[in-house]
> 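Shown below is the structure under consideration.
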There are 2 protein chains.
Amino acid sequence: MAKAVGEQMGVVTALVRSTFLVNTVYAEAAREYGLTQQQGQLLCVLMAHPYGMGELGEVLRLAKSSLSGLVDRTARLGLVRRESDPSDNRAVRVGLTPEGSRLADEFYAETCRRIEQLPSGLDDTERDTLAELLARVVRDNEVPPVFMVLNEQG
Amino acid sequence: MAKAVGEQMGVVTALVRSTFLVNTVYAEAAREYGLTQQQGQLLCVLMAHPYGMGELGEVLRLAKSSLSGLVDRTARLGLVRRESDPSDNRAVRVGLTPEGSRLADEFYAETCRRIEQLPSGLDDTERDTLAELLARVVRDNEVPPVFMVLNEQG
DNA sequence: TGGATTAGTTCGTGGCCCGAACCAGGTGGC
DNA sequence: GCCACCTGGTTCGGGCCACGAACTAATCCA
């Protein structure tokens with residue numbers, strides 16, 4: 001508001017456009033691994049550890065019927081598997097297959113590589129600042145762990 | 001890398017998660033106006049001025065067949081209209097109908113309101129910094145004008 | 001034991017995205 | 001003028017995605 005003109009991009013527009021950018025990069029990377037964006041996201045969530053359908057739905061913010069389908073399709077690719085929960089015969093634990101785990105690692109690494117390059121016009125200090133500010137926004141808004149933090153892996 | 005532990009979120013994770021966040025907010029806002037995320041995005045692009053199908057495809061990064069369908073469905077809602085280009089009988093200009101324009105204004109304003117609140121944990125200086133850094137990332141990566149900059153409107 | 005709750009699946013509908021095939025209007029070479 | 005070529009868009013078929021409603025089966029609890 002303080003800045004003079006239409007030259008300056010507000011925080012809202014910056015957020016929306018950077019979102020568009022990351023979406024595009026993410027979807028493109030997924031595609032090159034034979035995945036959809038949603039399947040890639042599923043793999044990245046499951047890298048941390050297996051999840052029940054319930055939790056998974058909360059993390060991905062999907063209705064249970066939507067998630068059921070996503071897991072079906074990803075399982076059909078052999079990347080993910082439903083295991084029965086011994087302590088509750090209704091429940092199911094969704095986890096990566098060995099092949100899914102391998103693919104997830106690759107996809108995750110490649111995606112990181114590409115997204116890492118997006119702020120290549122910033123110097124180290126600026127990147128740190130950006131990371132810290134965005135991280136606070138993410139934390140304040142309780143965004144679920146849709147993308148691993150390094151060293152978080154089980 | 002300097003920071004000690006898995007406490008710190010890297011710029012990549014911060015970008016991916018904030019993207020997830022904005023996606024969610026955007027889609028939710030759209031839904032409340034009877035729109036899909038893509039339809040909302042289309043309206044927001046067209047707020048600036050009408051577009052030909054070709055340019056529009058580049059801006060939204062959609063294959064022409066995808067765009068054709070999106071415009072169809074949005075036109076069926078009465079929000080958008082195909083006008084023939086007098087200088088080229090093959091070409092088409094897609095623009096907002098009066099109703100579409102009204103809805104676009106409302107949706108745009110509401111979306112801004114919501115996204116504006118995401119960084120409410122930051123003080124004014126921090127918000128400016130975030131805006132400036134993200135804006136540079138957006139510019140460096142030549143993100144098309146998928147969301148208006150204020151005062152850019154025709 | 002039997003009713004409520006919980007975890008997931010199935011089904012139907014509609015939107016989204018793509019590539020391939022197609023069509024009509026323009027354009028350039030001859 | 002004509003024909004080959006290009007270009008702007010649409011159509012079509014297929015698969016993914018998201019949702020709510022209805023359903024099934026296991027668990028919980030009074």
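Remember, it's a predicted structure, so these values are computed and weren't measured experimentally. Each chain gets a letter, A, B and so on, in the order the sequences are listed, and its residues count up from 1.
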> Between the protein and nucleotides 6-8 of chain C, list every N/O to N/O distance that falls short of 3.5 Å.
unit_1: C/dT6; atom_1: O2; unit_2: A/R90; atom_2: NH1; d: 2.5
unit_1: C/dG8; atom_1: OP1; unit_2: A/M53; atom_2: N; d: 3.3
unit_1: C/dG8; atom_1: OP1; unit_2: A/V92; atom_2: N; d: 3.0
unit_1: C/dG8; atom_1: OP1; unit_2: A/V92; atom_2: O; d: 3.0
unit_1: C/dG8; atom_1: OP2; unit_2: A/G54; atom_2: N; d: 2.9
unit_1: C/dG8; atom_1: N7; unit_2: A/K64; atom_2: NZ; d: 3.0
unit_1: C/dG8; atom_1: O6; unit_2: A/K64; atom_2: NZ; d: 2.8

> Closest heavy-atom contact between B/T19 and A/S18?
OG1-O, 4.3 Å
> For DNA chain D, which nucleotides open and close the run of contacts to chain A, 5' to 3', at under 4.0 angstrom from a non-hydrogen atom?
D/dC16 to D/dT27
> Quick one: side chains of residues 83-98 of chain B, donor-acceptor pairs under 3.5 Å with protein atoms, not counting sequence neighbours, listed by atom name and distance.
unit_1: B/D85; atom_1: OD1; unit_2: B/S87; atom_2: N; d: 2.8
unit_1: B/D85; atom_1: OD1; unit_2: B/S87; atom_2: OG; d: 2.9
unit_1: B/D88; atom_1: OD1; unit_2: B/R90; atom_2: N; d: 3.0
unit_1: B/D88; atom_1: OD1; unit_2: B/R90; atom_2: NE; d: 3.2
unit_1: B/D88; atom_1: OD2; unit_2: B/R90; atom_2: NH2; d: 3.0
unit_1: B/R93; atom_1: NH2; unit_2: B/P50; atom_2: O; d: 3.2
unit_1: B/T97; atom_1: OG1; unit_2: B/G78; atom_2: O; d: 2.7
unit_1: B/T97; atom_1: OG1; unit_2: B/L79; atom_2: O; d: 3.3
unit_1: B/T97; atom_1: OG1; unit_2: B/G100; atom_2: N; d: 2.9

> Is the shortest side-chain N to carboxylate O distance from B/E132 to B/R136 below 4.0 Å?
yes
> For A/E32, I'd like to know if atom CD has over 12 heavy atoms of other residues, nucleotides or ligands within 6.0 Å.
yes
> Between A/P144 and B/F20, which heavy-atom pair has the shortest distance, and what is it?
CG-CE2, 3.8 Å
> Drop me the distance from B/T129's OG1 to A/L130's CG, to the nearest 0.5 angstrom.
10.5 Å
> Please list residues of residues 18-42 of chain A whose heavy atoms come under 4.0 Å from any atom in DNA chain D, ordered by number; otherwise none.
A/T36, A/Q38, A/Q39
> Distance from B/Q39 atom CD to B/Y33 atom OH, nearest 0.5 Å?
15.0 Å
> Search all heavy atoms of A/M148 against all heavy atoms of B/R17 and return the closest pair with its distance.
C-NH2, 3.9 Å
> Of the non-hydrogen atoms in B/E99 and B/L77, which two are nearest, and what is the gap between them?
OE2-O, 4.4 Å
> Looking at every strand, decide which applies to B/L67 at a 4.0 Å heavy-atom threshold: base, sugar-phosphate, or nothing.
nothing
> First locate atom CG of A/L15, then atom CD of B/E116, and finally report the distance between them rounded to the nearest 0.5 Å.
9.5 Å
> Which of residues 69-80 of chain B have a heavy atom under 4.0 Å from DNA chain C?
B/L70, B/R73
> Any carboxylate oxygen within less than 4.0 angstrom of a Lys/Arg side-chain nitrogen, looking at B/E110 and B/R114?
yes
> At less than 4.0 Å, is any side-chain N or O atom of B/S66 found next to OP1 or OP2 of C/dC18? Yes or no.
yes
> Show every ring-ring contact (aromatic ring centres under 6.0 Å, His included) that has at least one partner inside residues 51-80 of chain B, sequence neighbours left out.
B/H49-B/Y51
> Could you give the distance from CG (A/D105) to CG (A/L43), rounded to the nearest 0.5 Å?
10.0 Å
